[in-house]
Number of protein chains: 2
Amino acid sequence: MNHLLKDHIETISPLSDEEFAYILSHFVFKKIKKHAFLVQEGDPVKYEYFVLKGCLKAYVADNATGKEFIFQFAAEDWWITDREAFFKRSTATVNIDCLEDCEVLALTLENREKLGVEMWKYEHFLSVKAYWGYISLQKRLQMMIMGSAKDRYENFIAQYPNLFNRIPKSFIASYLGVSRETLSRLYKS
Amino acid sequence: MNHLLKDHIETISPLSDEEFAYILSHFVFKKIKKHAFLVQEGDPVKYEYFVLKGCLKAYVADNATGKEFIFQFAAEDWWITDREAFFKRSTATVNIDCLEDCEVLALTLENREKLGVEMWKYEHFLSVKAYWGYISLQKRLQMMIMGSAKDRYENFIAQYPNLFNRIPKSFIASYLGVSRETLSRLYKS
DNA sequence: ATCCTGATGTGACATTTGTCACAAAATCAA
DNA sequence: TTGATTTTGTGACAAATGTCACATCAGGAT
């Protein structure tokens, strides 16, 4: 059995084919077109998404200034949702939309919890995944605070070399917390 | 039974007194004096710490510029460690030291995992705690990137009103990613 | 009390980055 | 192809924040 999600879970919890098939049966497969929204501010957030194909961005809009801050990209092998709204069953404060045509696997909170209760392995997977996520977010925070615009840019290139040529520069600038113009000037020098 | 740690765990997983006593037996109580290090760069990180009393700071030192960035404070009811080194059994890249005389409960990774395996409740607690932590870190990141120095300062005051008069301003400046002087000028206006 | 150290406030100036305006280039749809 | 739209580059200037230097102030140790 060969599946992106299986490989992903097995980086933490090895699974038999039966176990994985059972897990997979709790997900819903979805195709979404470029520019379509997976999550929109104000709506309830029913799902957490695992990306099989394509690329998405998650951002918050500042109504006062009209600007947006992209806090996450998600390409193949990544999870994405409005975590807070999903987990607390509240409504979205973020927007998530597709930068390309996408294929995702969607999991409801009910099924997520069901899997956690039924399989210790899955709860463990969730626990470790969240812990790792925390660690990498902490590193990003550190980079954002300590690093200059140039440091951040170089760090991004090193970490996601493929994304740089896949995503419009203005989005990358937003992700890095610099203006589009500053980013443009950075990769001249 | 009344205990800071019990109350803390019960925000996620309710426990009988026996269950809590069993959990508690895996922790080691420690007292540490002001200015002493709980974790020092280069050393192995044996424990994760739950703070019963006192206040600590965790920071990374930039050897090039000689500056340090404080990425976390921890007072009563908070967890602190070098998460990456603790979890991967590698050596610390961060320093953690006491801003006041402290009392903490220390948990080894072995005992943490043992509790998770033996009690689904505890694994669930870890999972949810990490997820919440991720969410709040994401909010901090957003504030750091989108907000001006003043926004960040006001946000800090609103979130941790008690810490502001408990911690030297230079440390708070470091946590907020601004210079000591800029912070000083902020709370004039 | 008095010294000493660390914490804080403040002015002058440098630096980084943002903002605005517009041109050039690339992409997409008909 | 061709026109329209989006993306990217660049100059001039403004704004925010950092840096350095030094003055004050507060608290702890003797």
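The chains referred to below are lettered A, B, ... by the order of the sequence lines, with proteins before strands, and numbering in each begins at 1.
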Visitor: Tell me, please, which residues at least two apart from A:Ala58 pass side-chain contact (heavy atoms from CB on, under 4.5 Å).
Guide: A:Phe71, A:Gln72, A:Ile80, A:Ile96
Visitor: Answer yes or no: is there a donor N or O on one side and an acceptor on the other, between the side chain of B:Glu103 and the main chain of B:Val51, under 3.5 Å?
Guide: no
Visitor: Using the C1' atoms of the five pairs at each end, what is the angle between the end axes of the helix from C:dA1-D:dT30 to C:dA30-D:dT1, to 10°?
Guide: 50°
Visitor: Spell out protein contact along nucleotides 24-30 of chain C as letters: B when the base is contacted, S when just the sugar-phosphate is, - when no protein heavy atom is under 4.0 Å; keep the 5' to 3' order.
Guide: -------
Visitor: Show the distances under 3.5 angstrom between N or O atoms of the protein and N or O atoms of nucleotides 11-13 of chain D.
Guide:
residue: D:dG11; atom: N7; partner: A:Arg185; partner atom: NH2; Å: 2.5
residue: D:dG11; atom: O6; partner: A:Arg185; partner atom: NH2; Å: 2.8

Visitor: All N/O contacts under 3.5 Å from nucleotides 24-30 of chain D to the protein, with atom names and distances to one decimal?
Guide:
none

Visitor: Would you list the atom pairs, donor with acceptor, under 3.5 Å between side chains in residues 23-36 of chain A and any protein atom, with sequence neighbours excluded?
Guide:
residue: A:Ser25; atom: OG; partner: A:Tyr22; partner atom: O; Å: 2.6
residue: A:His26; atom: ND1; partner: A:Tyr22; partner atom: O; Å: 2.8
residue: A:His26; atom: NE2; partner: A:Lys114; partner atom: NZ; Å: 2.6

Visitor: For residues 43-54 of chain A, pull every pair meeting side-chain hydrogen bond (donor to acceptor under 3.5 Å, both in side chains), keeping only residues two or more places apart or in separate chains.
Guide: A:Glu48-A:Arg112
Visitor: According to side-chain contact (heavy atoms from CB on, under 4.5 Å), who are the partners of A:Pro14, at least two apart in sequence or on a separate chain?
Guide: none
Visitor: Hey, what are the protein-to-nucleotides 13-15 of chain C N/O distances that come in under 3.5 Å?
Guide:
none

Visitor: What integer distance in Å separates B:Arg180:CZ from D:dC22:P?
Guide: 14 Å
Visitor: On the 0 to 90° scale, with breaks at 30° and 60°, tag the A:Phe125-A:His8 ring pair as parallel, tilted or perpendicular.
Guide: perpendicular
Visitor: Could you pull out all residues at least two apart from B:Ser16 that satisfy side-chain contact (heavy atoms from CB on, under 4.5 Å)?
Guide: B:Glu18, B:Glu19
Visitor: Not counting sequence neighbours, which residues clear salt bridge (Lys or Arg N to Asp or Glu O under 4.0 Å) with A:Arg180? List them please.
Guide: none
Visitor: Determine, using ring centers only, whether A:Phe164 and A:Tyr160 are less than 6.0 Å apart.
Guide: no
Visitor: Looking at residues 145-173 of chain B, who's got a heavy atom less than 4.0 Å off DNA chain D?
Guide: B:Ser148, B:Ala149
Visitor: Between A:Leu183 (CG) and D:dG9 (C1'), how many Å, whole number?
Guide: 11 Å
